[in-house]
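Reading through the structure tokens given below for one structure.
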Amino acid sequence: EGRVKVDLTPLAENGFSVPLAVSVESPMTDADHVQAIHVLSEKNPVAKIATYHLGPRSGRAWIATSIRMADSQRLVVLARMSDGTYWSGAADIIVTISACIDGG
């Protein structure tokens with residue numbers, strides 16, 4: 001853990017569009033940069049929400065998007081660094097109206 005900051009609201013009234021921002025402490029140089037940011041869900045029907053590929057020319061290791069959340073859960077973010085190490089961050093969210101419903 002460390003180096004990865006997950007900015008996620010602690011309470012979402014509607015799971016259909018939840019704002020998410022992720023930043024990773026990195027100089028983003030050729031020798032030391034973030035290669036990928038993986039966003040994972042514990043309770044969505046598909047655990048892998050998104051993967052973002054970065055490189056030293058990205059300037060900074062930061063992404064922002066809106067995601068769908070199936071239920072209250074912990075969101076985990078993994079950052080793969082250029083030296084092969086992984087750093088993680090997480091945030092808990094309470095979702096009052098689920099967005100990912102199986103069946104129908």
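Quick caveat: nothing in here was measured; it's all calculated off a predicted structure.
Annotation: the span from E25 atom CD to M81 atom CE amounts to 9.5 Å, rounded to 0.5 Å. With values rounded to the nearest 0.5 angstrom, N14 atom CG is found 9.0 Å from R68 atom CZ. Summarising the geometry, atom OG belonging to S82 is positioned 4.5 Å from atom NE2 belonging to H33; distances are rounded to the nearest 0.5 Å. Remark: Q73 CD to I94 CD1 distance equals 12.0 Å, nearest 0.5 Å. From T9, atom OG1 reaches atom CE of M69 across 11.0 Å, with rounding to the nearest 0.5 Å.
Neither W87 nor L78 shares a network with the other; the hydrophobic side chains, linked directly or stepwise wherever heavy atoms of I, L, V, M, F, W or Y lie under 4.5 Å apart, form separate groups for each.
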Residue pair V22, Y52: steps toward the side-chain contact (heavy atoms from CB on, under 4.5 Å) verdict: CA-CA 11 Å; V22 175; Y52 299 89; over 6 Å; no
Derivation and outcome, side-chain contact (heavy atoms from CB on, under 4.5 Å), residues I93 and L75: CA-CA 8 Å; I93 183 169; L75 191 75; 5.5 Å; no
Evaluation steps, side-chain contact (heavy atoms from CB on, under 4.5 Å), between Q35 and L54: CA-CA 5 Å; Q35 289 183 329; L54 303 158; over 6 Å; no
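With L20 as reference, I67 is the one residue of D7, I49, I67 to meet the side-chain contact (heavy atoms from CB on, under 4.5 Å) rule.
Judged by distance alone, the side chain of S72 and the main-chain N or O of V95 form a donor-acceptor pair under 3.5 Å. The closest donor-acceptor contact from the side chain of N44 to the backbone of A70 lies under 3.5 Å.
Atom CD of E42 is surrounded by more than 12 heavy atoms from other residues, nucleotides or ligands within 6.0 Å.
For the pair K48 and L40, the minimum side-chain heavy-atom distance is below 4.5 Å. Using a 4.5 Å heavy-atom threshold, the side chains of D32 and D83 count as separate. Side-chain contact between S88 and V4: absent, with no pair of heavy atoms (C-beta onward) separated by less than 4.5 Å. Between T96 and L11 there is a side-chain heavy-atom pair separated by less than 4.5 Å.
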